[in-house]
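Letters A, B, ... mirror the listed sequences (proteins, then strands); counts begin at 1.
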There are 2 protein chains.
Amino acid sequence: MNMRNSQKSGEQQYLTPTQVADMFKVSPITVRQWSSSGKLKCQTTPGGHRRYLPSDIEEFAKTSGINLTTSESGPKRVLIVEDDAQLGHLLEEFISELDSELEVYRAEDGFRAGELLHTVHPDLILLDLMMPGMNGFEVCERVKRDNKTRDIKVVAMTGYSSEHNVNRILAAGAETCLSKPIDFAALRTILAPLTQQAHA
Amino acid sequence: MNMRNSQKSGEQQYLTPTQVADMFKVSPITVRQWSSSGKLKCQTTPGGHRRYLPSDIEEFAKTSGINLTTSESGPKRVLIVEDDAQLGHLLEEFISELDSELEVYRAEDGFRAGELLHTVHPDLILLDLMMPGMNGFEVCERVKRDNKTRDIKVVAMTGYSSEHNVNRILAAGAETCLSKPIDFAALRTILAPLTQQAHA
DNA sequence: TGGTAATTGGGTAATTAGGGAG
DNA sequence: TATGTCCTAATTACCCAATTAC
């Protein structure tokens, strides 16, 4: 079970030459050249090894027009935004067992949702539209408006699926809108693309 | 002996190996090597673990020719978490006029707060404890528990400042707890360190 | 005060990185 | 322009018991 709950902060905020090389699909030596010629900014360790910040990489990617094959290769991540503990847990279990390769995170409030959106950068969000202090429609709109997050698929969930609400959330960029109680068969179908890629 | 709690309002005077490692973009193991080979001075706890003084770090950085322009550089950022539009705007105005160098952001809901926490990584958070769908105490605890955000100062604001609540938020790691209506003179004092550094 | 998870130190081996000439 | 190779140095991984944080 590859379930990753809330508090995890073992991310690395710097990149080594080989990691950068992998991102651009070139050899580490080439990355070294880019740095020594000043094309790619870098910091150095006291021992003289180069360290790269994500911002430096992005800038270089834009300047040189090379598209970076970022972390598309890693395991797929799903973020569940649901304040109901019971349903939330059920969804966690269901998705984890669908594919043990999937990393499942859950936010039980808006703050946590905002945090996880940017710290784990999920591939898909299961979003409860009706949560206290959080407007699900707005959240979806914001996700789709931000360049950094617009590639994330949003699957809405609501207990009041009026035609108006469904149209509104779809217009905001959501993939689909599931009515509660959740049809798990439908959910499985929706998640199929993620599991297929994870197995590939 | 609890080192984290002993640094109530100021900076931490000792740095752990991991913290030093982050500063130099290196693994903790490497820091250990620097110390055991005598390149990096250090003190030790009674149990034999290494602790570093900022002065030791600076000296080592100079010797190695590294600029310690970690994340301390750049303009200071303040995040206001307040759902009341009127008060929120007032705070924005006040802080902006206190020092035009300060960057002021505002979150009107929990989701936005979580987003901004990680996207702008503020130096200080003005946190309303009573917001719908968001437990201010929990938020503060989470901020202080995460290595990435624990250096962020938290200033709480509440309309119901019972002694119990004040103690609870201070125990969670907040700098102070302001009662509403806000005492702007007190707020100015609290923000003084930021404005001074911004001008330096 | 007691319990549990995370960090640390030591030592050795494995990996990665930098520089330069091809 | 990008890369493969050689040599040396810097950095990291791994193991386990002790220490520390909360």
> Is C:dG2 paired to anything, Watson-Crick or G-U wobble with both distances less than 3.5 Å, and if yes, which nucleotide?
Replying inline: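 Checking every strand shown, C:dG2 finds no partner, since no pair has both distances under 3.5 Å.
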> Across the strands shown, which category fits A:S36 at heavy-atom distances under 4.0 angstrom: base, sugar-phosphate, nothing?
Replying inline: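 If one applies the 4.0 Å heavy-atom cut-off, A:S36 turns out to touch nothing in the nucleic acid.
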> Heavy atoms under 4.0 Å, any strand shown: does A:R50 hit a base, just sugar-phosphate, or nothing?
Replying inline: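 The answer is sugar-phosphate, as A:R50 gets under 4.0 Å only of primed atoms, P, OP1 or OP2.
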>> Using heavy-atom distances to pick each residue's nearest nucleotide on DNA chain D, tell me which of A:T16 and A:S27 is more 5'.
In response: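 Closest to the 5' end, via its nearest nucleotide, is A:S27.
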Take atom [atom1] of [X] and atom [atom2] of [N], then tell me their distance rounded to the nearest Å.
X	N	atom1	atom2	result
B:L40	D:dA10	CG	P	14 Å
A:Y14	D:dT12	OH	P	5 Å
B:R32	D:dA18	CZ	P	16 Å
B:E141	D:dA21	CD	C1'	16 Å
B:R51	D:dT20	CZ	C1'	7 Å

> Out of D:dA10, D:dT20, D:dA13, which has the shortest distance to the side chain of B:T45?
Replying inline: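 When the side chain of B:T45 is considered, D:dT20 is the closest of D:dA10, D:dT20, D:dA13.
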>> Closest approach to the side chain of A:W34, judged atom by atom: which nucleotide of D:dA2, D:dA21, D:dT12 is it?
In response: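 My answer, after comparing the listed nucleotides, is D:dA2.
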>> Go through it in stages, so that I can follow the logic: the residues are A:F24 and A:F60, the test is ring pair (Phe, Tyr, Trp, His ring centres under 6.0 Å), and I'd like the CA-CA distance, side-chain angles, deciding distance and then a yes or no.
In response: CA-CA 11 Å; A:F24 288 104; A:F60 178 73; 5.6 Å; yes
> Would you say D:dT11 has OP1 or OP2 under 4.0 Å from some side-chain N or O of B:T30?
Replying inline: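 Answer is no, no contact under 4.0 Å.
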>> Taking the side chain as everything from C-beta on, heavy atoms only, tell me whether B:V78 gets closer than 4.5 Å to B:E103.
In response: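 No. Closest side-chain heavy atoms not under 4.5 Å.
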> Any ion pair linking A:E82 and A:K180 (charged N to carboxylate O, less than 4.0 Å)?
Replying inline: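 A:E82 and A:K180: salt-bridged.
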> Nucleotide range of DNA chain C contacted by chain B, 5' to 3', under 4.0 Å to a heavy atom?
Replying inline: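 Boundary nucleotides touching chain B, in 5' to 3' order, are C:dT7 to C:dG11.
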> Would you say the side chain of A:Q33 and the base of D:dT1 hold a donor-acceptor pair, judged only by whether the two atoms sit under 3.5 Å apart?
Replying inline: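 Result: no qualifying N/O pair found.
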